[in-house]
Amino acid sequence: MADTKVKAASKKPAASKAATGAAPKAAVTGKTNGVATVAQPDPVMPGTDRATAKASGKPAPAQPAASFPKETYLTWYEQMQLMRKFEDKAGQLYGQQKIKGFCHLYIGQEACVAGAVSALEKGDKYITAYRDHAHPLALGTSPNAVMAELFAKATGCSKGKGGSMHMFDKEVGFMGGHGIVGGQVPMGAGIAFAEKYNKTGKLCICYMGDGAVRQGALHEAFNMAMLWKLPVIFVIENNGYAMGTSVQRTSNVTDLYKLGLSYDMPSEPVNGMRVEDVHQAVARAAERARAGEGPTLLEFKTYRYKGHSMSDPAKYRTKEELEDYRLRDAIEGVRHTILTNNFASEADLEAIDERIKAKVQESVDFAESSPYPTPDELFKDVYVQADYPYIHD
């Protein structure tokens with residue numbers, strides 16, 4: 001997708017006029033380091049009467065007025081559809097036992113990646129936890145390489161050694177998915193330290209789930225990142241449940257962005273179900289990071305439609321809650337904006353969908369026909385020293 005990515009015309013697009021019936025802007029509740037902190041906006045799409053939408057059973061329409069150029073919306077649509085259709089297929093293949101081990105799907109959270117990729121620059125680094133298929137796809141990693149990694153094949157982006165939880169692609173700036181809860185947080189700060197030390201002008205965006213914020217390493221990383229003014233954007237993808245227990249049952253602080261305020265870190269909540277909001281928040285944070293002002297904490301309020309992993313039936317939430325969030329679907333929001341503004345026709349979008357469907361099937365065919373790693377691969381990529389003297393007996 002990297003070859004089709006188009007940046008928005010402005011990192012700070014002027015706010016469009018609200019459509020009739022649009023939800024009011026969130027109220028400013030205070031400021032930290034000059035950055036306004038706001039009450040969390042309801043992620044339901046602007047211009048929607050939720051009761052009417054729920055009664056009709058149709059996805060809620062997005063606000064028609066476009067804040068970004070046509071090319072950006074089309075890129076977002078294609079990126080997010082690739083993430084969605086790829087993972088729909090991965091879920092099917094897992095059920096067929098063609099993909100084994102752990103598998104954590106990102107379905108529903110696509111805007112959290114698409115909006116960040118459009119706001120950042122080539123050469124910036126990305127790091128996340130183990131829900132990590134969507135990030136490399138949005139950055140331009142071949143779907144073939146991602147699917148082959150899910151199949152544990154040698155042609156995978158981690159040579160078949162990482163599987164679902166440990167995708168890597170240094171060429172596109174993706175520094176990996178990481179299986180230790182919260183383990184990527186200090187690593188994200190470390191990557192940002194390297195960028196600052198080497199004076200690259202680049203930054204690191206470090207994703208984590210809402211469950212990771214209970215890890216002590218997060219507080220150590222926040223403190224050092226602020227002390228050294230590291231160019232890092234910390235992102236909490238708050239889908240409400242961590243592995244399966246709600247935030248309300250595990251944290252006294254339920255507005256998780258407020259954790260950054262303890263370190264005087266600019267922090268704000270973001271509607272993670274609107275790709276425009278994600279782009280704008282990440283762009284603001286990136287501007288501060290590149291200006292030498294240090295880190296930002298963003299809490300993306302989002303939702304996953306599937307369970308924590310493929311083995312999770314998600315019985316801890318109601319069907320009504322799930323359907324309520326489906327009305328806020330980011331892909332449907334972008335689709336509606338595209339059609340309302342005549343950026344493309346239904347036929348054009350259907351053609352994109354068919355092209356993505358074919359690309360996903362090609363990735364499956366590629367993965368199935370690829371070889372498994374040979375036994376000697378066990379001794380490679382462990383140490384920098386190529387001829388490390390292993391004892392084989």
Verdict with reasoning, Glu276 to Tyr73, per side-chain hydrogen bond (donor to acceptor under 3.5 Å, both in side chains): CA-CA 9 Å; Glu276 298 95 333; Tyr73 279 98; 3.1 Å; yes
Derivation of the side-chain hydrogen bond (donor to acceptor under 3.5 Å, both in side chains) call for Arg317 and Tyr241: CA-CA 9 Å; Arg317 61 187 182 186; Tyr241 287 102; over 6 Å; no
Glu368 and Lys153: CA distance, side-chain angles, deciding distance, salt bridge (charged side-chain N to carboxylate O under 4.0 Å, His left out) verdict: CA-CA 8 Å; Glu368 290 187 320; Lys153 296 298 184 73; over 6 Å; no
Trace of the side-chain hydrogen bond (donor to acceptor under 3.5 Å, both in side chains) decision for Tyr263 with His219: CA-CA 9 Å; Tyr263 302 93; His219 298 279; 3.1 Å; yes
Derivation and outcome, side-chain hydrogen bond (donor to acceptor under 3.5 Å, both in side chains), residues His178 and Thr128: CA-CA 6 Å; His178 297 266; Thr128 190; over 6 Å; no
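By the 6.0 Å contact criterion, CE on Met224 is open, its count of non-hydrogen atoms from other residues, nucleotides or ligands being 12 or less. Heavy atoms of other residues, nucleotides or ligands lying less than 6.0 angstrom from CZ of Phe102 number 12 at most. With a 6.0 Å radius and a threshold of 12 heavy atoms from other residues, nucleotides or ligands, Lys161 has its NZ atom above the threshold. Few gaps surround CD on Gln248; more than 12 heavy atoms of other groups in view lie less than 6.0 Å from it. More than 12 non-hydrogen atoms from other residues, nucleotides or ligands lie less than 6.0 angstrom from CG of Leu378. For Glu171, the CD atom is loosely surrounded, since the number of other residues' heavy atoms within 6.0 Å does not exceed 12. More than 12 heavy atoms of other residues, nucleotides or ligands shown are found within 6.0 angstrom of OH on Tyr390.
For the pair Lys125/Leu203, no side-chain contact is recorded, criterion being any heavy-atom separation below 4.5 Å from C-beta on. Within the 4.5 Å cutoff, the side chain of Leu93 has heavy atoms near those of the Met147 side chain. Proximity of Ile205 to Val235: side-chain heavy atoms (C-beta onward) are separated by under 4.5 Å at one or more points. Between Ile127 and Cys204, the closest side-chain pair of non-hydrogen atoms falls below 4.5 Å. Within the 4.5 Å cutoff, side-chain heavy atoms of Leu256 are placed close to those of Ser251. By the 4.5 Å heavy-atom criterion applied to side chains, Asp210 and Glu237 are not counted as neighbours. Here the side chains of Met165 and His104 are in contact, with some heavy-atom distance below 4.5 Å. At least one side-chain heavy atom of Leu150 sits under 4.5 Å from a side-chain heavy atom of Met167.
The structure places OG1 of Thr250 at 12.5 Å from CE of Met243, a figure rounded to the nearest 0.5 Å. Glu87 CD to Gln92 CD: the interatomic distance, rounded to the nearest 0.5 Å, is 12.5 Å. From Ile352, atom CD1 reaches atom CZ of Arg335 across 9.0 Å, with rounding to the nearest 0.5 Å. From Leu137, atom CG reaches atom OG of Ser142 across 9.0 Å, with rounding to the nearest 0.5 Å.
Shown here for Glu299 and Tyr257, the closest heavy-atom pair between the two residues is OE1-N, 2.9 Å. Closest approach of Ala221 to Pro186, counting heavy atoms only: CB-CA, 3.9 Å. Taking both residues in full, the closest heavy atoms of Asp132 and Gly177 are given as OD2-CA, 3.2 Å, listed atom of the first, atom of the second, then distance. Annotation for Pro373 and Ala152: closest pair CD-O, 3.3 Å, computed over non-hydrogen atoms. Between Ala138 and Met83, the shortest heavy-atom distance links the atoms CB-CE, 3.6 Å.
Hydrophobic cluster membership differs between Tyr372 and Phe366, with clusters built from Ile, Leu, Val, Met, Phe, Trp and Tyr side chains linked at under 4.5 angstrom. Ile107 and Phe300 fall within the same hydrophobic cluster, defined by Ile, Leu, Val, Met, Phe, Trp and Tyr side-chain heavy atoms under 4.5 Å apart, directly or through other members. Hydrophobic clustering (side-chain heavy atoms under 4.5 Å, transitive across Ile, Leu, Val, Met, Phe, Trp, Tyr) keeps Met187 apart from Phe168. Both Tyr197 and Met226 belong to a common hydrophobic cluster when Ile, Leu, Val, Met, Phe, Trp and Tyr are linked at side-chain heavy-atom distances under 4.5 angstrom. Both Leu82 and Phe174 are part of a single hydrophobic cluster, where members link through side-chain heavy atoms under 4.5 Å apart.
At a cut-off of 3.5 Å, with distance as the only test, a side-chain donor of Tyr77 or Asp353 sits close to an acceptor on the other residue. Asn198 and Thr200 share no side-chain donor-acceptor pair at under 3.5 Å. Using a 3.5 Å distance cut-off with no hydrogens or angles, the side chains of His166 and Ser158 do not pair a donor with an acceptor.
Using the six-membered ring where Trp is involved, Tyr126 and Tyr207 have ring planes that are parallel, under 30° apart on the 30 and 60° scheme.
Looking at Thr72, its side chain never comes within 3.5 Å of a backbone N or O of Phe68 through a donor-acceptor pair. A donor-acceptor pair is defined here as one N or O able to donate and one able to accept, closer than 3.5 Å; such a pair exists between the side chain of Asn341 and the backbone of Thr337.
For the side-chain hydrogen bond (donor to acceptor under 3.5 Å, both in side chains) with Tyr303, the lone residue among Glu321, Arg328, Arg326 that qualifies is Glu321.
Between Lys229 and Glu293 there is no salt bridge, since no side-chain N of the basic residue sits under 4.0 Å from a carboxylate O of the acidic one.
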